[in-house]
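Some notes on the structure that comes next.
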Amino acid sequence: MAALAILVAAVWPLPQPAFFDYAPTPDAPEYLAGAVSLAHDGQHAIEIAGEKYPSRYPIGFSAAIAPFLACGVEPKQAPFVVSALAGLHLLILVFATLWICVGSTAAGLGALLLATTPAFVVLARAPMAELTASLWTTAGVVLCFVYVHRGRLWQGTIGALFLGLATIFRLGNLFFAPIVLLSLLAVRGQVKRPLLHTTVILLALAAGCLPVLLSQWVALGDPLATGYAFWIPDHASISSSFGFSHLFDNLRYLARDFAQLEWKTTVATYYGTGSYFGPASLVILALCLGRALRTPCFRWPAIGVAAYALMMLAYFFQDARFFFALVPLAAVLVAWQSVEMLRSSTRPLKVVVAILLGLHCLGIPGPGLPSELPELLAPSQRDPTWRFELIDGLRDKPPGLVFSTFSPPYGKALLGESWTVSPARDVHDYMWSSEFVFRGPERQTQMRKFVAAGNPIYLVADVEFAAALAETAPLDGHVWITLSTTGNDGGTAELRSQD
């Protein structure tokens, strides 16, 4: 009940306007834009400048959002609803796993540990895919662990299927696949028909990966390609995105996050207090992990989880949310081992465990916003609620072309099918693509097309309104007329003839 109360306090009431910035870009805007496209025409795509393009992210989270849009939930609210519900189901999954495998005390403790982890609170109120993906990875890893312990084919089959399905939310979840292989190695002397087990479980893993392969084939014409191949070719391959040269930087970043010294501009700064973890969490996890490694059936899955962690440490981009898939598993591990230590260990160890658990659950030392944190955020992210006022102001206007300084797919998703939204400036989230080029000449061409058709043209700037007006030069004989401005140096304008 305490864990549920923490979750409700973190995400209720929905919507929370201050969270509707849809940061970071382009992740959150593309999830929403892909869901809107799925709900309207069954195609997972984003729309920019009036044309459909593949999203750089898998279909999974957008597919989870789409049913809520079909049921009438407002587009800007739907991803937050999905994340909150995913958080609830993840708490239930951790609770049920520990209840069945260990007992009611461990179940309650595990749910509480998860709910009081800052990373969980941050992602439960963020329009991101991590919580939804973690439902599948957590269930898959737990079933693989049980399979190693009991050797029942159905457990390993469903566990492998879940781990395969997790790739449709985050392609990086494919790095959990070694757990399946190691689980098969662990039981090879325990089962009567190891070849049957190997065949069925590997087929289940392949079947789980099939949806993401099919969706990538439909969107990109190649089942092994990703949206990065279209939008950011420099990071389209594994070799360009992963490298052991990134290990030190990622370890340093995580160490500073655990020590409450890191204040990077991440999802934690947009939707939380700037940090994902705390020092007490790391200490109690290390203590419980060391004890659990003495259990033979735990070692093989643990090596597989370590392989996933190693790959994330080798990733070129630093953000601790990529490690969140390990957090529910850590909550299960710590609850399981802590209950055992509190029951059978020496009194000094019991005191240490109880203190560490208390510090984690109370958030001591707790993550706190440094005084300079607002300066780390872009001006549009310090008070994002006005952005919707600008968008809402256009709804009363005749539909037409909108040049936007923030994510065009996001503006399109909010405005609706009758509108066309294009980048207002040369620098935008889609400027690295060799397939999509939209700069000054393309803006001028699109302006002429809409003017010739007699359709209105607008500009929406989240910041630097004057600079955006200057860069989005009007056609000859036309001028920008300001419609509204904001205190954050943003505003809207309409292109009108001087005649």
Side-chain angles (χ1 to χ4, degrees), residues 60 93-94 96-103 106 110 133-214 216 223-224 238 242 288-314 325-326 328-337 340:
L93 175 60
V94 168
T97 297
L98 288 164
W99 181 286
I100 294 170
C101 297
V102 183
S134 295
L135 279 171
W136 299 90
T137 56
T138 302
V141 172
V142 166
L143 283 169
C144 285
F145 171 78
V146 175
Y147 171 65
V148 172
H149 182 61
R150 298 179 180 176
R152 294 178 182 174
L153 179 59
W154 70 268
Q155 295 165 341
T157 302
I158 297 177
L161 179 64
F162 282 177
L163 289 177
L165 289 171
T167 59
I168 204 169
F169 295 93
R170 290 199 63 87
L171 293 174
N173 289 332
L174 183 61
F175 296 124
F176 276 110
I179 293 176
V180 177
L181 303 177
L182 291 167
S183 298
L184 289 170
L185 287 174
V187 301
R188 66 188 185 278
Q190 304 174 24
V191 298
K192 295 181 179 179
R193 291 179 289 182
L195 182 60
L196 174 66
H197 281 238
T198 301
T199 303
V200 171
I201 289 175
L202 290 181
L203 284 175
L205 178 63
C209 294
L210 189 59
V212 73
L213 294 175
L214 287 174
Q216 298 296 84
L224 300 180
I238 291 180
F242 295 88
C288 293
L289 182 61
R291 191 176 190 274
L293 285 173
R294 293 183 292 179
T295 306
C297 65
F298 177 80
R299 294 171 189 163
W300 288 98
I303 294 173
V305 171
Y308 172 84
L310 181 63
M311 290 306 299
M312 291 299 102
L313 285 171
L326 305 178
L329 300 173
V332 171
L333 168 66
V334 171
W336 163 39
Q337 290 297 313
E340 289 195 359

Legend entry - Leu93 side chain near Pro328 side chain, heavy-atom distance below 4.5 Å: no
Legend entry - Contact check, side chains of Leu333 and Leu329, non-hydrogen atoms, under 4.5 Å: no
Inset, instruction - Answer whether the closest heavy-atom distance between the side chains of Met312 and Phe242 falls below 4.5 Å. - result: yes
Inset, instruction - Work out which heavy atom in Ser134 is nearest to a heavy atom in Ala325; give both atom names and the distance. - result: OG-CA, 3.5 Å
Legend entry - Shortest non-hydrogen contact between Leu98 and Ala331, atoms and distance: CD1-O, 4.5 Å
Inset, instruction - Identify the two heavy atoms, one from Ser183 and one from Cys144, that lie closest to each other, and give their separation to 0.1 Å. - result: OG-CB, 3.6 Å
Legend entry - Minimum side-chain heavy-atom gap Thr97-Val102 below 4.5 Å: no
Inset, instruction - Side-chain contact test, heavy atoms from C-beta onward, threshold under 4.5 Å: evaluate it for Leu165 versus Val212 and give yes or no. - result: no
Inset, instruction - Would you indicate whether the side-chain heavy atoms of Tyr147 and Ile158 approach each other to under 4.5 Å? - result: no
Inset, instruction - State, to 0.1 Å, how close Phe298 and Phe145 come at their nearest heavy-atom pair, and which atoms those are. - result: CA-CE1, 3.7 Å
Inset, instruction - Could you pull out the closest heavy-atom pair between Ala133 and Asn173, with the gap in Å? - result: CB-ND2, 3.6 Å
Legend entry - Closest non-hydrogen atom pair, Gln155 against Leu143: O-CB, 3.6 Å
